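We count ligands from 1, going down the list as the structure has it; atoms in each ligand are counted the same way. Since this is a predicted model, take the numbers as computed values, not measurements.
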Amino acid sequence: MKNGVMFQYFEWNLPNDGQLWRQLKEDAQHLAERGITAVWIPPAYKADEQADEGYATYDLYDFGEFDQKGTVRTKYGTRAELEQAIAALHEQGIQVILDTVLNHKTGGDRPEKFEAIPVDAADRNKETGEVRTIEAFTAFDFPGRGDTYSDYKWHWQDFSGVDYDNLTGETDIFRIVGEGKGWSQGVDSENGNFDFLMCNDIDLDRPQVCEELNRWGEWAAGQFGFDGFRMDAVKHMDYNFTRRFIEHVRASRGGKFYAVGEYWSGDLASLLAFIENTAGELDLFDAPLHYNFHEAAQEQGGFDMSRLLDDTLVKSSPEHAVTLVDNHDSQPGSGLESSIADWFKPLAYGLILLMQEGYPVIFYGDYYSEDRVASPHRRIIDLLLDARRRYAYGEQTLYFDHPSCVGLVRHGDDEHPGSGLALIISNDEAGEKYMELGELRAGETWIDLTGNRPEEITLDERGGGTFPVSPRNLAVWVRK
Ligand code: CA
């Protein structure tokens, strides 16, 4: 989709009031008017408790429909409310992308005993004890749902590891022992083998499990009309499974189904390997770009801005890059906290929303609120969304040629009369940069859309101008 923008419609600290689906329904028209083309919704199925964000997955088939775990609704509302929100978004032409957690489950209904062996958290290939019988809550009967939608019941054989021995009360990483059991090989090699992340790790080498999850994916996509999945924790899942799962669901949707994976690693080579291993079937979030933003924001004027796009996905594999500034994992207080400091956020959003490459994401916490505190960035994000919709077209020239002041030019295209822009950002003092739009633009008068710079620039005979920017700020120059 031309100049598509994804909106991550949740943050970690939303109240557990069951109101998110209703709010989203009411917000659909506004999001469309702002230029949002897809909404990424949180894991919408039953977790181990009502207040959970959805990543502690209990029952993938219960989207707030059955009385399980002491609640019908999830943190975000009921299934009926979710369906109404989806209908409202579709009416506005907005795609709906479901956060999909297939790495682990938790909150099993009954404990089971089985053989397991503890392993070293820093090297999961290293055993730290003897094989012994342990007990964990690995039996999932789904008593509130019964056999509705699926009669598959989960047992210890469907998992490869657990984080708890109920017999001794010991918390550790236990690899389940048995015929055909073991960590998946197609996972990230951090900590020796990063198959295990948390809870009951799903055994994605087990054919019955893969069949059930494929069945679920097809069911969920068809039942709710989802337009794509955001695949959680793919770093910890066998890439062969992930690839086949997406291929299966996509085929069931007539070949059209979006997929982006969360491979949360700053290591570009690992991301590129995943893209190759999954034959390009999934996009990935550009975690390296996020970490560059984080570093730049922390180091302030000391960061060399000409390196801002170095070793990023958006530079190396732009057609698979989903660009973001912050998300629910990087926000303050979360597991992977690496939040971008406030002063830098407008600069980062300016870059991801106006550059040619990448599929940008706007984070709920940056647009609305985080932990009920209103974001100071909504005005600039609205303005940049407007700039993306009206001006961010055509070829691009990068001017990443100075340690504190960098910029880019979009030359505009015939389809969007008057389009084209010049973005300039500085992480230090006020700066200026000569950038060229092309001879056809000679004599035009340009202004800064952000209002940070009051002057007007007249383009010279080459269509160039010396565009200024204020200290630690951005300017978005467009034709007056
Ligand atoms: Ca795993």
Next on the checklist: Taking backbone and side chain together, does His104 place any N/O/S atom at a distance below 3.0 Å from the Ca ion (ligand 1)?
Outcome noted: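 It does not; every qualifying atom lies at 3.0 Å or beyond.
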
Next on the checklist: For Glu91, is the CD atom crowded, meaning more than 12 foreign heavy atoms sit under 6.0 Å from it?
Outcome noted: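 Not more than 12 within 6.0 Å, no.
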
Checklist entry - Just wondering, are more than 12 heavy atoms of other shown residues or ligands nearer than 6.0 Å to NZ in Lys113? => result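 At most 12 heavy atoms, drawn from other residues, nucleotides or ligands, come within 6.0 Å of this atom.
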
Checklist entry - Under a 4.0 Å N-O cut-off, is there an ion pair linking Lys105 with Glu212? => result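 Glu212 and Lys105: not salt-bridged.
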
Checklist entry - So do the side chains of Ile275 and Leu313 get within less than 4.5 Å of each other, counting heavy atoms only? => result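 Contact flag for Ile275/Leu313 side chains = yes.
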
Checklist entry - What N, O or S atom of Asp201 is found closest to the Ca ion (ligand 1)? => result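 Of the nitrogen, oxygen and sulfur atoms in Asp201, the Ca ion (ligand 1) lies nearest to OD1.
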
Checklist entry - Tell me, which N, O or S atom in His236 is closest to the Ca ion (ligand 1)? => result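 Nearest N/O/S atom of His236: O.
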
Checklist entry - How open is the angle at the Ca ion (ligand 1) from atom OD1 of Asp195 over to atom OD1 of Asn103, rounded to 10 degrees? => result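 Value returned, to the nearest 10°, is 170°.
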
